[in-house]
> 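Here you go, one structure.
Throughout, residue positions are numbered sequentially from 1 according to the sequence presented. Model, not experiment: these values are computed from the prediction.
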Amino acid sequence: NSFSCSSCFMLLNFISNNTHTLTHTFIRSQIRTPLSLFLFTNRNCLVAAMGKKKQRQMDKGTTAHATVNPFQLPPQDSSKFISNPHDFDRNIFTVTKKLPCLVVPCKECNTAVKALDGYLLNAPKLSPVAKRKEGDDPSVRTVLLSPLKDIEELKRDVPLLLKKDSVEFGEYELSVGYSHFSADEVLKAALPQEFNEVTTSFETVGHLAHMNLRDHQLPYKHFIGQVILDKNKHVKTVVNKLAHIDTTYRFFKMELIAGEDNFICEAKENGCVFKFDFSKVYWNSRLHTEHQRIVNAIVKKKKTLAHRPCLLDMMAGVGPFSLPLAKRGVMSYANDLNPLSYEAMLSNIKINNVSKLVRPFNMDAREFVRFMTRKVLEEVENGVEEKDRQYHMYTDVTMNLPATSVSFLDVFIGILKDDREERLLPLPEIHCHCFTNEEDMEADVLARVEQTMQGKIDKEYRFRVVRNVSPHKHMVCMSFTLPQAVAYNTETTATQTTQTTTATTSSTTSSTTGKRSGNDSGDGSDNVTKKAHVNDTHTRE
């Protein structure tokens with residue numbers, strides 16, 4: 001009852017075009033809201049109704065709500081936007097067009113608009129009922145007709161639809177300016193015509209828009225940034241990613257192309273607020289769903305595990321896994337090598353009031369795992385009760401550094417070999433994110449994981465494609481229980497471990513370098529493989 005007629009139509013149109021996908025979505029997620037159950041139960045009837053509606057539209061020679069902008073911008077001299085990219089004359093993006101129209105009494109205006117559906121002006125941001133001008137007769141309104149229709153067709157059909165013997169047609173001169181056109185339309189008119197495409201997509205992080213411009217677009221980068229700024233009122237800063245990324249801390253270099261010189265961003269995700277310097281730490285808004293999926297999976301273990309779940313976040317960044325888990329009552333040990341990520345994580349812990357459930361560290365990832373495991377084993381051996389322990393055995397491990405995560409799995413070889421309590425500690429589930437460009441993605445990742453750990457995964461595992469970074473490069477996640485043979489391995493020597501790590505790192509390098517195909521962290525930057533070992537002399541808890 002709260003939906004308008006147009007909202008209902010749009011909803012039904014969406015259902016009819018996505019029936020197959022929706023069917024599987026409803027079954028998989030087991031949605032239970034009254035609206036979703038109604039839609040799912042009656043989907044066939046709804047689609048049939050939509051089919052009849054579309055047929056009537058075809059009989060009339062029109063498609064409802066099909067928006068074709070009759071105002072086309074002519075090509076502009078692109079050189080002027082290089083010399084003056086920010087203060088260019090917006091008035092050159094003005095188009096004036098004469099439209100067929102009807103003048104109807106005010107009291108008949110609504111009836112006429114409903115009757116002429118499909119024959120009216122249908123353009124973005126424009127109403128088919130013209131605004132009154134100074135001096136117009138207040139007793140009548142001007143109804144604008146579609147310029148895409150032939151005038152003879154209008155003269156034939158409009159009187160029949162209005163149920164009148166004759167109708168007087170006229171012309172209405174309408175001008176639209178810069179604010180009427182989308183960023184895509186402005187850039188297509190302003191940039192050289194030989195450009196096959198224009199880049200108007202961007203990732204938003206708070207008030208900041210991050211773009212990834214092609215090389216041939218770089219001479220116009222400041223103009224493109226200004227148009228994006230003009231057309232998106234919530235955006236205050238526009239940056240473009242540079243070709244290289246930091247090899248140690250994995251954040252990409254960027255340059256300001258429009259707006260404020262302010263890289264301090266505030267993002268909201270999974271019930272938490274994250275504040276950080278986007279130019280100094282890693283953040284990818286596209287991974288929001290993946291963060292939520294991992295968090296939900298760990299929280300569910302509160303109902304199934306005999307002991308409470310606990311996360312070991314080896315490459316925590318600013319805390320997109322650890323902080324949402326803490327909000328839902330799960331303990332986390334969060335580590336990141338980047339001192340600025342660590343500082344931002346400390347600040348975010350205070351902002352979100354989760355200091356009791358998140359313990360931050362600034363260490364090398366391997367040393368962090370060894371340190372935490374050693375502390376857990378010491379308390380177990382000393383007979384400290386579970387409720388009194390400062391360090392709890394982790395049930396889950398997240399490794400969200402996809403360029404090199406697999407190479408860090410060697411740290412788990414023999415990680416529990418000093419456990420003297422008859423192997424009572426739970427074996428953690430490891431969530432390892434990585435890249436692959438092989439046709440058989442699952443087989444490739446499985447082979448690399450088992451090679452690095454020097455052991456087979458002996459239990460069921462889960463494999464998931466997170467996102468496509470480029471046509472031939474995919475970010476994936478493999479979740480598996482740490483094999484007991486790996487965790488309690490006492491035969492592997494340090495030399496063997498180092499050789500395995502080197503081989504895996506070399507394999508990762510060969511599979512990810514070369515083409516400019518995507519960011520090692522999943523955001524579209526160039527491929528640079530992080531060194532297997534990073535010496536960090538400034539280690540803090």
Side-chain angles (χ1 to χ4, degrees), residues 1-13 53-54 56-74 76 88-186 188-189 230-233:
N1 290 336
S2 62
F3 280 174
S4 66
C5 291
S6 61
S7 298
C8 284
F9 182 89
M10 292 172 64
L11 179 62
L12 295 178
N13 192 36
K53 177 71 174 180
K54 287 182 179 178
R56 290 198 298 270
Q57 294 165 1
M58 292 175 65
D59 294 341
K60 290 200 309 180
T62 180
T63 301
H65 296 277
T67 303
V68 178
N69 194 349
F71 298 91
Q72 300 296 324
L73 282 170
Q76 303 292 327
F88 59 91
D89 183 10
R90 269 79 170 167
N91 291 326
I92 64 175
F93 297 99
T94 299
V95 177
T96 301
K97 196 176 184 69
K98 290 184 177 180
L99 304 174
C101 68
L102 295 174
V103 178
V104 298
C106 287
K107 62 182 180 180
E108 298 179 9
C109 184
N110 288 339
T111 303
V113 168
K114 291 179 181 179
L116 295 175
D117 181 31
Y119 291 83
L120 301 173
L121 172 68
N122 189 8
K125 303 178 184 178
L126 293 176
S127 169
V129 180
K131 293 181 179 180
R132 286 195 177 97
K133 298 180 179 179
E134 187 175 352
D136 284 352
D137 184 353
S139 64
V140 296
R141 297 301 301 269
T142 301
V143 178
L144 304 178
L145 301 176
S146 172
L148 305 178
K149 294 286 187 181
D150 182 73
I151 188 65
E152 295 301 324
E153 182 183 0
L154 292 174
K155 289 180 178 179
R156 182 191 70 227
D157 294 346
V158 168
L160 295 175
L161 293 170
L162 295 180
K163 299 179 181 180
K164 291 188 177 183
D165 295 333
S166 63
V167 175
E168 184 178 350
F169 292 90
E171 278 191 339
Y172 185 90
E173 190 173 88
L174 181 63
S175 295
V176 294
Y178 179 75
S179 61
H180 167 78
F181 297 100
S182 66
D184 188 68
E185 290 172 314
V186 171
K188 282 182 178 178
D230 292 343
K231 298 300 179 179
N232 299 273
K233 299 306 179 185

> Judged by atom type as modelled, is there a donor-acceptor pair below 3.5 Å linking the side chain of Arg132 to the main-chain atoms of Arg141?
no
> So, using side-chain hydrogen bond (donor to acceptor under 3.5 Å, both in side chains) as the criterion, who are the partners of Asp184 when residues are at least two apart?
Lys188
> So do Leu145 and Leu120 actually touch side chain to side chain, heavy atoms under 4.5 Å?
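Sidechains of Leu145 and Leu120: in contact.
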> Is the closest side-chain heavy-atom distance between Val103 and Asp137 below 4.5 Å?
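Answer no - side chains too far apart.
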> Which heavy-atom pair separates Pro74 from Ala189 by the least distance, and what is that distance?
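So the minimum-distance heavy-atom pair works out to O-CB, 3.6 Å.
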> Rounded to the nearest 0.5 Å, what's the gap from CG on Leu126 to CG on Leu99? Could you check?
9.0 Å
> Minimum heavy-atom separation for Cys106 to Val140, with atom names?
SG-N, 3.6 Å
> Looking at every heavy atom in both His180 and Pro124, which two are closest together, and how far apart are they?
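Closest approach of His180 to Pro124: CE1-O, 2.8 Å.
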> Parallel, tilted or perpendicular: which describes the rings of Phe93 and Tyr178, with under 30° parallel and over 60° perpendicular?
tilted
> Does any N or O in the side chain of Lys233 come within less than 3.5 Å of the main-chain N or O of Asp230, such that one atom is a donor and the other an acceptor?
yes
> So, do Gln72 and Val95 sit near enough that their side-chain heavy atoms are less than 4.5 Å apart?
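Gln72 vs Val95: side chains apart.
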> Test of understanding: with side-chain contact (heavy atoms from CB on, under 4.5 Å), list the residues that count as partners of Ser146, not counting sequence neighbours.
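Scan of Ser146 (side-chain contact (heavy atoms from CB on, under 4.5 Å), adjacent residues dropped) gives Leu148, Lys149.
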> Applying side-chain contact (heavy atoms from CB on, under 4.5 Å), name anything that partners Asn110, two or more places apart in sequence or on another chain.
none
> Could you list the residues that satisfy side-chain contact (heavy atoms from CB on, under 4.5 Å) with Pro105, not counting sequence neighbours?
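For Pro105, the residues satisfying side-chain contact (heavy atoms from CB on, under 4.5 Å) (neighbours in sequence not counted) are Lys107, Glu108.
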> Pair Leu102, Leu162 - check side-chain contact (heavy atoms from CB on, under 4.5 Å), show working.
CA-CA 11 Å; Leu102 295 174; Leu162 295 180; 4.0 Å; yes
> Quick check against the 3.5 Å criterion: does Lys231 have a side-chain atom that pairs as donor or acceptor with the backbone of Phe181?
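Here the side-chain-to-backbone pair exists.
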> So, using side-chain hydrogen bond (donor to acceptor under 3.5 Å, both in side chains) as the criterion, who are the partners of Gln76 when residues are at least two apart?
none
> Nearest 0.5 Å, what's the CG-NZ distance between Leu144 and Lys131?
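Going from CG on Leu144 over to NZ on Lys131, the span is 12.0 Å.
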> According to side-chain hydrogen bond (donor to acceptor under 3.5 Å, both in side chains), who are the partners of Ser179, at least two apart in sequence or on a separate chain?
none
> Give the minimum heavy-atom separation between Asn91 and Thr94, together with the two atoms involved.
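Minimum heavy-atom separation between Asn91 and Thr94: O-OG1, 2.8 Å.
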> Distance check, rounded to the nearest 0.5 Å: Leu116 atom CG versus Leu121 atom CG?
12.5 Å
> With a 4.5 Å limit on heavy-atom distance, are the side chains of Tyr119 and Glu153 in contact?
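In short, these two side chains touch, coming nearer than 4.5 Å.
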> Calculate, to the nearest 0.5 Å, the distance between atoms CD and SG belonging to Glu168 and Cys101 respectively.
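Nearest 0.5 Å value for the CD-SG distance: 9.5 Å.
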> Any side-chain heavy atom of Val129 within less than 4.5 Å of one from Ser127?
yes
